[in-house]
Amino acid sequence: FRATLNMLEHLASIIGPWIDIIEGNMPKHTCTLSMTDSTTSQGWLRKSNFMENSSESKEMTAAKLKISRDHALRLMKFKIRDYSQWFPGNENDLADSLSRDFHLSNIELTNLYFNSIPNQTPHGLVISH
């Protein structure tokens, strides 16, 4: 199956905390904030049950269920609380650019972010392959 934009947004919301867990940056009893401009992803972060419906494949429903449950189990294992929050898309230029501006090199992207949207650019951002 082909992942929908909502599925990709959902994965992006989960990957950040997962990397922090792997790298040991989230001690037990931490609260993580998953911010997204996708209301769908924000809602999916709060649930771990998905009903099959006629508008999507069984594979998509199974993937959403697996991803969400694994995320919840990972957070429970490490005693981490997840809080999801939606914010307007026009405040998400950096993430949108990373998923759309493939025509720019990593150096061009980094310079663009530091010069155009410094308030959305993490200090020390390095983009690598």
Side-chain angles (χ1 to χ4, degrees):
F1 75 93
R2 181 173 169 83
T4 63
L5 181 56
N6 286 331
M7 175 65 86
L8 296 175
E9 293 269 0
H10 186 54
L11 286 169
S13 297
I14 289 173
I15 288 172
W18 192 358
I19 290 171
D20 282 338
I21 290 169
I22 291 168
E23 293 180 347
N25 296 327
M26 284 195 162
K28 287 186 175 182
H29 307 291
T30 297
C31 181
T32 181
L33 173 61
S34 297
M35 294 183 69
T36 178
D37 65 354
S38 166
T39 55
T40 300
S41 176
Q42 189 252 348
W44 288 356
L45 284 166
R46 296 181 181 191
K47 65 189 289 186
S48 60
N49 63 334
F50 296 91
M51 296 181 63
E52 289 183 19
N53 65 58
S54 60
S55 66
E56 69 182 16
S57 68
K58 289 182 181 184
E59 292 85 3
M60 178 65 76
T61 302
K64 290 189 312 191
L65 185 60
K66 174 78 171 136
I67 291 165
S68 295
R69 286 189 176 169
D70 284 356
H71 179 60
L73 290 171
R74 190 170 27 264
L75 294 176
M76 288 189 308
K77 176 182 177 184
F78 291 95
K79 296 180 176 21
I80 295 170
R81 182 172 177 91
D82 189 35
Y83 175 75
S84 61
Q85 182 176 359
W86 173 86
F87 64 102
N90 63 354
E91 295 177 15
N92 195 27
D93 295 326
L94 190 144
D96 285 347
S97 173
L98 285 170
S99 65
R100 295 180 182 146
D101 290 333
F102 297 113
H103 62 287
L104 298 174
S105 71
N106 291 346
I107 292 171
E108 290 171 321
L109 284 171
T110 304
N111 289 333
L112 175 69
Y113 301 150
F114 280 114
N115 291 313
S116 301
I117 48 172
N119 61 327
Q120 294 182 27
T121 307
H123 178 72
L125 174 72
V126 176
I127 302 171
S128 62
H129 290 284

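Keep in mind it's a predicted model, so treat the numbers as computed, not measured. Numbers here are sequence positions counted from 1.
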Search all heavy atoms of Y113 against all heavy atoms of L125 and return the closest pair with its distance. CD1-CD2, 3.8 Å

Side-chain touch W44/N6, heavy atoms, less than 4.5 angstrom: yes

Residue pair L65 / T61, side-chain heavy-atom distance below 4.5 Å: no

So CD of E9 and OG of S38: to nearest 0.5 Å the spacing works out to 5.0 Å

Hey, could you give me the CG/CG distance between N111 and N115, rounded to the nearest 0.5 Å? 6.0 Å

Take L45 and I14 through the side-chain contact (heavy atoms from CB on, under 4.5 Å) test and state the conclusion after the steps. CA-CA 8 Å; L45 284 166; I14 289 173; 4.0 Å; yes

Of all heavy-atom pairs between S13 and P17, which one has the smallest distance, and what is that distance? O-CD, 3.4 Å

Got H10 and K64 here, is their nearest side-chain heavy-atom distance under 4.5 Å? no

In terms of heavy-atom contacts, does CD1 of I22 have more than 12 from other residues, nucleotides or ligands at under 6.0 Å? yes

Is any side-chain heavy atom of M7 less than 4.5 Å from a side-chain heavy atom of I67? yes

Reported CD1-to-NZ distance for the pair I21 and K77, which is rounded to 0.5 angstrom: 9.5 Å

Taking every non-hydrogen atom, the tightest pair across C31 and Y83: SG-CB, 4.3 Å

When rounded to the nearest 0.5 Å, the distance separating CG of L75 from CG of D70 is 11.0 Å

Could you state the interatomic distance from NE2 (H123) to CZ (F114), rounded to the nearest 0.5 Å? 7.5 Å

Is any side-chain heavy atom of S97 closer than 4.5 Å to a side-chain heavy atom of D101? yes

Heavy-atom pair of closest approach, residues S84 and Q42: OG-O, 3.3 Å

Check step by step if side-chain contact (heavy atoms from CB on, under 4.5 Å) holds for D82 and H71. CA-CA 10 Å; D82 189 35; H71 179 60; 3.4 Å; yes

Heavy-atom closest pair (M60 atom, R2 atom, distance to 0.1 Å) is CE-O, 3.5 Å

Between CD1 on residue I127 and OG on residue S105, distance to nearest 0.5 Å: 9.0 Å

Would you say I19 and N25 make side-chain contact, with heavy atoms under 4.5 Å? no

Linked, directly or transitively: L109 and I117 (ILVMFWY side chains, under 4.5 Å): yes

